[in-house]
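Let me begin by presenting the structure, written as structure tokens, before commenting on it.
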Number of protein chains: 2
Amino acid sequence: MTRTIIFYGVALAALVLVLKFIEYRFIVRDLSIEFYLGAVALFFTVLGVWAGRKLTRKKIVTVGPAFVLNEVELQRLGISKREHEVLGLMAEGLSNQEIADHLFVSLNTVKTHTSNLFLKLEVSRRTQAVQRAKQLRLIP
Amino acid sequence: MTRTIIFYGVALAALVLVLKFIEYRFIVRDLSIEFYLGAVALFFTVLGVWAGRKLTRKKIVTVGPAFVLNEVELQRLGISKREHEVLGLMAEGLSNQEIADHLFVSLNTVKTHTSNLFLKLEVSRRTQAVQRAKQLRLIP
DNA sequence: CGATAAATCACCCGTTCGGGTGAAGGTTTT
DNA sequence: AAAACCTTCACCCGAACGGGTGATTTATCG
């Protein structure tokens, strides 16, 4: 962004120089003021479009992939820390057994957590749970 | 977009009119050509930024959340049309039985499709398949 | 300190999933 | 026409999943 601004400034300065240059030489007398203005208008329109795109693109990019956990929703649904952890691993495509190994707990424990999650998320399948969790921004 | 262009044209015409108006009146003689050009440059820069944003926002919006199917990858993995369809429904969190009902085929058929999908996507669970498909932009 | 919530584990039961094989009918390509 | 591919369906079996109940041990909060 800084570079864009700098470039824009340089372009402006260059234009002023060019104008000054041609103004005190030969061309200026032969051309009408309208032509002059038209050229400047066109140039700055293009420059404006370009600058505008440069300046707004990055905003959009960072707004896109950024993930902020929706703790409000998390609390509203009464999802505990551990359950949220299980939810995350579930979203990675891990099986209950794999989640159990990951968390150093038994398969039954994971099953309990998943069951509770399904209740709280009001779904009946893990794929739906993942889908819903993403939609509620409980997971990236 | 069309409206933007029209508005832009109108703005241009209006500016020309204003210029013409002030040119043949009182102000023009008192102001330097540089001031004139500066004002025009500023105006058209702003106009350019605005127009650029208007014209590109839709593109960006559609480029961001909009989904373009990665047909190259789809073909590379040899995923058929029907399989891709099943993949989509799978990503919605539907069970095999539900997919079968959706497509008016038997559960076994769906199972065959999912099995082939798992082979082609090199995964072993449907959650992983969905994850991978999203990452490869085979589904939204 | 007692109540409450969280985390842990277990068992049962029925359903769903995944993996493998086979096969029939249709379309496309060669 | 033959080969290749897609789609469809079937059956089997073991693993994973979902649903329910019950119990113990830690926090944590009032």
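Computed from a predicted model, the values in this text were never measured in an experiment. Reminder, nothing fancy here: chain letters follow the sequence lines and each chain counts from 1.
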Query raised in the report: Is there a donor-acceptor contact under 3.5 Å from the side chain of A:Lys120 to the main chain of A:Gly78?
Result: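 Yes, A:Lys120 side chain to A:Gly78 backbone: donor-acceptor pair under 3.5 Å.
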Query - N/O donor-acceptor pair under 3.5 Å between B:His84 side chain and B:Ile79 backbone - result: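 Absent.
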Query raised in the report: When hydrophobic residues are tied together by side-chain contacts of less than 4.5 Å, even through go-betweens, does B:Val105 share a cluster with B:Leu94?
Result: yes
Report task. Say whether A:Val86 and A:Val123 are linked into one hydrophobic cluster, either directly or through other cluster members, by side-chain heavy-atom distances under 4.5 angstrom. Result ->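 Yes, A:Val86 and A:Val123 fall within the same hydrophobic cluster.
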Query - With A:Phe118, the side-chain contact (heavy atoms from CB on, under 4.5 Å) member among A:Arg132, A:Arg126, A:Arg125 - result: A:Arg126
Query raised in the report: Over how many whole Å does the gap from A:Leu117 atom CG to D:dG19 atom P extend?
Result: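 For the pair A:Leu117 CG and D:dG19 P, the rounded distance is 12 Å.
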Query raised in the report: Using a cut-off of 4.0 Å between protein heavy atoms and nucleotide atoms, how would you tag nucleotides 4-20 of chain C 5' to 3' with B, S and -?
Result: ---SBBBB-----SBB-
